[in-house]
Amino acid sequence: MELFYRSTRNENIMLTASEAVLKGLSGEGGLFVPEYIPALDVPLAKLADMDYQETAYTVMKQFFTDFTEEELLRCIRLAYDEKFDTKDIAPLVKVDGTYYLELFHGPTIAFKDMALSILPHLMTTAAKKHHVTDEIVILTATSGDTGKAALAGFADVKGTRIIVFYPKGGVSEVQRLQMVTQKGENTAVVALHGNFDEAQNGVKEMFEDAKLKEELQKAGFRLSSANSINIGRLVPQIVYYVYAYGCLLKQGEIQEGEAVNVVVPTGNFGNILAAYFAKQMGLPIAKLVCASNENKVLFDFFQTGTYDKNREFILTESPSMDILISSNLERLIYLISERNASKNRELMKELKEKGRYGITPEMKAKLADFAAGYASEEEMRQAIRETYERTGYVMDTHTAVAAAVYHAYREDCGDQTKTIIASTASPYKFAGSVLNAVCPGKYEGRDGAALAEELSRLSGTKIPKAVEEIKNARILHTRECDANEMEETVKEILGLDQEK
């Protein structure tokens with residue numbers, strides 16, 4: 001049976017999976033959500049016998065129902081191959097009784113590779129299906145990791161262009177270098193004089209701008225997104241939670257049907273929403289623990305039922321979580337409002353106009369699957385240091401936020417359920433912060449990329465290829481702009497300004 005997708009803000013819009021992947025964001029600003037969450041169609045015990053690619057097909061075929069078996073298998077084969085440095089794709093590592101799902105073994109050493117390795121193939125397959133001749137312009141805002149992963153995925157992909165905006169001074173040095181050294185005739189990177197929320201708002205406004213859409217269409221372009229607002233990004237993220245459960249079964253760590261907790265360091269809410277979808281599919285997940293850094297807008301929301309972005313924006317050492325407008329939360333709001341597009345539209349309007357909204361007690365009651373916590377910068381550093389001293393395992397700053405929140409959660413409520421922590425980035429991406437957490441003050445002021453060898457010695461791990469590549473790479477992207485210049489910058493990159 002074909003599964004269709006609805007907009008969270010317009011009950012009259014219904015698209016196939018391939019149409020939703022191509023479009024990215026609905027014209028009125030809504031996000032696409034499947035009409036229902038399909039159930040896993042294999043026994044849980046069978047997951048133990050599946051490799052990553054087989055698990056990916058088992059999950060994705062349920063959501064991408066208008067892709068043929070041949071098309072989907074091809075996309076999966078091209079995505080999850082030798083570009084990952086392990087055949088497991090996403091290894092599950094037991095550390096001190098907790099299971100770390102390492103999502104950073106792809107080409108850009110961050111979890112975004114898990115979905116952005118397949119999105120270009122899904123998108124170009126969808127374009128062929130619908131006889132699209134326009135050039136697809138991937139417009140993306142990044143808080144650090146999505147940008148590089150999207151650039152790497154779409155670089156030199158025929159029929160596409162990709163433009164990435166990142167907050168200047170708001171990403172790690174390794175993240176910045178990964179983006180500004182990106183090769184590819186169809187790639188463009190822009191440093192925004194502002195924060196991630198301003199970059200994300202600017203991108204969303206362009207998607208909602210009918211005049212711009214018409215101008216682009218006349219020039220042979222159509223916009224799409226590689227952010228987690230694209231359902232083609234979100235669905236592949238469900239896969240690794242299902243795979244992790246299979247790994248626990250295979251390793252004899254759990255019994256079939258035994259529930260586990262999942263802890264996710266959270267910024268834009270896409271990664272933890274994917275875990276929620278996995279639970280809705282029938283994966284035995286007890287609690288979904290939403291871990292925030294000092295930008296704790298999500299923690300406050302789960303505590304109070306009020307989402308309020310009217311607060312100081314804090315730059316932390318876990319920059320991919322430095323977000324005050326968590327776009328994917330809209331999908332959850334839509335679901336707990338019983339798919340009421342009108343109600344959701346009203347709440348999102350309040351957020352835009354007043355910077356805040358509150359949900360009803362009935363909606364808040366439906367958030368029982370979630371727990372939430374936040375970690376200060378010192379608590380994050382302490383988690384890195386203590387885990388290393390106790391076990392020798394080194395984690396990045398984002399994973400450390402999740403670890404700190406998990407330990408506090410377990411202490412507070414005594415929940416001894418076996419737990420998976422989503423490890424979202426390689427420690428090499430934040431080498432300076434990690435080393436200073438382990439040895440306070442010793443590496444202050446030293447450049448992250450230059451500290452890779454020191455981290456390698458400390459951790460006993462090999463320096464990832466992604467870090468080696470940027471050491472002497474040439475800077476190719478130097479463009480900058482203000483938040484109010486984003487549209488003009490896009491036009492300039494696409495050559496539209498030359499047509500006047």
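Contacts of F302 classified as ring-ring contact (aromatic ring centres under 6.0 Å, His included), with partners at least two apart in sequence or in another chain: F370.
Between S225 and R233 the shortest side-chain heavy-atom distance does not fall below 4.5 Å. Side-chain contact between K112 and K148 is absent, with no heavy-atom pair separated by less than 4.5 Å. Counting heavy atoms from C-beta on, the side chains of R356 and E350 never come closer than 4.5 Å. Counting only heavy atoms from C-beta outward, the side chains of F165 and T142 never approach each other to under 4.5 Å. When side chains are defined from C-beta on, L332 counts as touching L273, because their heavy atoms get closer than 4.5 Å. Put simply, the side chain of Y245 does not reach to within 4.5 Å of the side chain of V242, judged on heavy atoms. Between T146 and L116, the closest side-chain pair of non-hydrogen atoms falls below 4.5 Å.
Between E378 and R385 there is a salt bridge, since at least one side-chain N of the basic residue sits less than 4.0 Å from a carboxylate O of the acidic one. Note on E173 versus R176: salt bridge recorded, some NZ/NE/NH1/NH2 to OD/OE distance being below 4.0 Å. Salt bridge absent: K83 and D113 never bring a charged side-chain N and a carboxylate O closer than 4.0 Å. A salt bridge links E35 with R6: at least one charged nitrogen is closer than 4.0 Å to a carboxylate oxygen.
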Let me have the donor-acceptor pairs involving side chains of residues 247-257, under 3.5 Å, with sequence neighbours excluded, atom names and distances please.
from: E253; atom 1: OE1; to: K94; atom 2: NZ; distance (Å): 3.2
from: E253; atom 1: OE1; to: Y99; atom 2: OH; distance (Å): 2.6
from: E256; atom 1: OE2; to: A45; atom 2: N; distance (Å): 3.4

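Summarising the geometry of E11 relative to A341, their closest heavy-atom pair is OE1-CB, 3.3 Å, with the distance given to 0.1 Å. Between T461 and S456, the shortest heavy-atom distance links the atoms O-OG, 2.6 Å. Closest of all the heavy-atom pairs between P107 and A466 is O-CB, 3.3 Å. Listed here is the closest heavy atom pair of I421 and T98: CD1-CG2, 3.7 Å. Between G270 and L234, the shortest heavy-atom distance links the atoms O-CD1, 3.3 Å.
For the residue pair E317/T397, the side-chain donor-acceptor check at 3.5 Å is not satisfied.
Remark: the backbone N or O of T417 is paired with a side-chain donor or acceptor of T419 at under 3.5 angstrom. Using a distance-only test at 3.5 Å, with no hydrogens or angles considered, a donor-acceptor pair links the side chain of K287 to the main chain of A368. Put simply, the side chain of E28 gets close to the backbone of G30: a donor and an acceptor are under 3.5 Å apart.
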Walk me through whether Y393 and V93 qualify under side-chain contact (heavy atoms from CB on, under 4.5 Å). CA-CA 10 Å; Y393 187 75; V93 181; 4.3 Å; yes
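Dense packing is recorded around NZ of K366, with more than 12 heavy atoms of other residues, nucleotides or ligands lying under 6.0 Å away. Other residues, nucleotides and ligands contribute over 12 non-hydrogen atoms within 6.0 Å of the CD atom of E389.
With V438 as reference, I384 is the one residue of L455, V394, I384 to meet the side-chain contact (heavy atoms from CB on, under 4.5 Å) rule.
Relative ring orientation between F430 and H398 is described as tilted, the plane-to-plane angle lying within the 30° to 60° band. Aromatic ring pairs are classed by plane angle as parallel below 30°, tilted from 30° to 60° and perpendicular above 60°; the pair Y243 and Y52 is perpendicular.
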